[in-house]
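Accompanying notes for the structure given below.
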Amino acid sequence: MARRTFLGTALLTGGVLLARGSDVIFGAESSGSSNVATNLTWKLGDDLTVNRLGFGAMRVTGEGIWGWPSDRGNALKVLKRAVELDVNLIDTADAYGPETSELLIAEALYPYPNGLVIATKGGLTRPGPGEWVPDGRPEHLKQAVDGSLKRLRLERIDLYQLHSIDPKVPMEESLGAIKEMRDAGKIRHVGLSNVEPDEIERARKIVPIVSVQNRYNIEDRKSENALVYCEKNNLGFLPWFPIGGTRGLKHENALNAAAKAHGVSIFQVALAWLLERSPVMLPIPGTSSVVHLEENIAAAKLKLAPEEWKAINALAS
């Protein structure tokens, strides 16, 4: 599949590495601080240190995020390559496949290397291809946690995220069930996905929250308020679909200009912009290709000048 088609049609949650040492991305102010976002790592909770760029494993499944991939061996190679490149945060969900993403992660990486954090999600079901239906019933979520533990071959899930709030079930009941599983030792930390600031605030009264996963990229910043909330409250923010749509592919703008100036792709520039946007940002761009994974890794070396970052930032206005 062409890079352009791949990014234009998929919801991305895949892998990339934040390089260490002098290759840290810097050069622009984040909205939450006058300091640039230069930290190489982020701490989830008080005990899980992860590289700020992770791997989202949705795209290792079959077409339409349904069933097994057409090339299972390739999917396993992508997962193994991500870890070889020091990615230590992998994000998945029981709905991806469904179940196949979690099974592939265990097949490729178990026994897991020390320090690898696997984050998964529950609360969305897949009755069929293209269907995503919330199910926040306590009994479903408890079964979902146990199912993820079994598929991932884990005794405890480091980060378990409520995939979506079910409008038919009070949040207190859904998160109450997740809290029970946390209290039972089956979950280390709890996160949220697809939420607004007031919902994060409500959730924190039920169980400690360490992260939020919302759609966010250069073009789509509807979750700006949620990001600002995370900055103020020291919560990790995992943007899904982090590279965005096709704006940069259609005409000349600041994104294209920066890519040409640095001799890189617009996708790499988009990742660099995210890292510089906020120190709590934990991008999880996705891919089912080793080549694209390695291209994403190269983005870690990109250093945008302040004027480049500001010009790209203005694309949303």
Does the side-chain contact (heavy atoms from CB on, under 4.5 Å) test come out yes or no for N194 and I165, once each step is laid out? CA-CA 8 Å; N194 303 309; I165 293 175; over 6 Å; no
Determine, stepwise, if the pair W273 / N313 fulfils side-chain contact (heavy atoms from CB on, under 4.5 Å). CA-CA 8 Å; W273 177 86; N313 189 58; 3.2 Å; yes
Give the C-alpha distance, both sets of side-chain angles, the deciding distance and a yes or no for side chain to side chain donor-acceptor pair (under 3.5 Å) between E102 and S148. CA-CA 7 Å; E102 292 180 331; S148 290; 2.7 Å; yes
One pair to check against side-chain contact (heavy atoms from CB on, under 4.5 Å): Y229 and V212. What are the steps and the verdict? CA-CA 10 Å; Y229 182 96; V212 170; over 6 Å; no
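One hydrophobic cluster, built from ILVMFWY side chains closer than 4.5 Å, cannot hold both W66 and W132; they sit in different ones.
Side-chain atoms of D94 do not come within 3.5 Å of backbone N or O of A144 as any donor-acceptor pair. Put simply, the side chain of N296 never gets that close to the backbone of Q268: no donor and acceptor are under 3.5 Å apart. In this structure, T49 contributes its side chain and K43 its backbone to no donor-acceptor pair below 3.5 Å.
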When the side chains of residues 105-116 are checked against the rest of the protein, which donor-acceptor pairs come out under 3.5 Å, sequence neighbours left out?
residue, atom, partner, partner atom, Å
E107, OE1, R72, NE, 3.3
E107, OE1, R72, NH2, 2.8
Y112, OH, L152, O, 2.6

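Residue pairs meeting the ring-ring contact (aromatic ring centres under 6.0 Å, His included) criterion with at least one member in residues 160-217, sequence neighbours excluded, are Y96-H163, Y216-F237. Within the structure, every pair that satisfies the salt bridge (charged side-chain N to carboxylate O under 4.0 Å, His left out) test and touches residues 125-135, not counting sequence neighbours, is listed here: D135-R137.
Around the CD atom of E139, the shell of radius 6.0 Å holds more than 12 heavy atoms that belong to other residues, nucleotides or ligands.
Taking the charged nitrogens against the carboxylate oxygens, E224 and R277 do have a contact shorter than 4.0 Å, which makes a salt bridge. Of the charged side-chain nitrogens involved, at least one lies within less than 4.0 Å of a carboxylate oxygen, so that D220 and K222 count as a salt-bridged pair. Under the 4.0 Å criterion applied to side-chain N and carboxylate O atoms, K179 and D183 are assigned as salt-bridge partners.
No side-chain heavy atom of E295 sits less than 4.5 Å from a side-chain heavy atom of T287.
Atom CG of D91 is separated from atom CE of M58 by 10.0 Å, given to the nearest 0.5 angstrom.
Under the rule for a side chain to side chain contact (heavy atoms under 4.5 Å, CB included), the partners of A203 that lie at least two apart in sequence or sit in another chain are M171, L175, L192, I209. For V290, the side chain to side chain contact (heavy atoms under 4.5 Å, CB included) partners are K77, V78, R81, E294, not counting sequence neighbours. Judged as a side chain to side chain donor-acceptor pair (under 3.5 Å), and not counting sequence neighbours, the contacts of R202 are E172.
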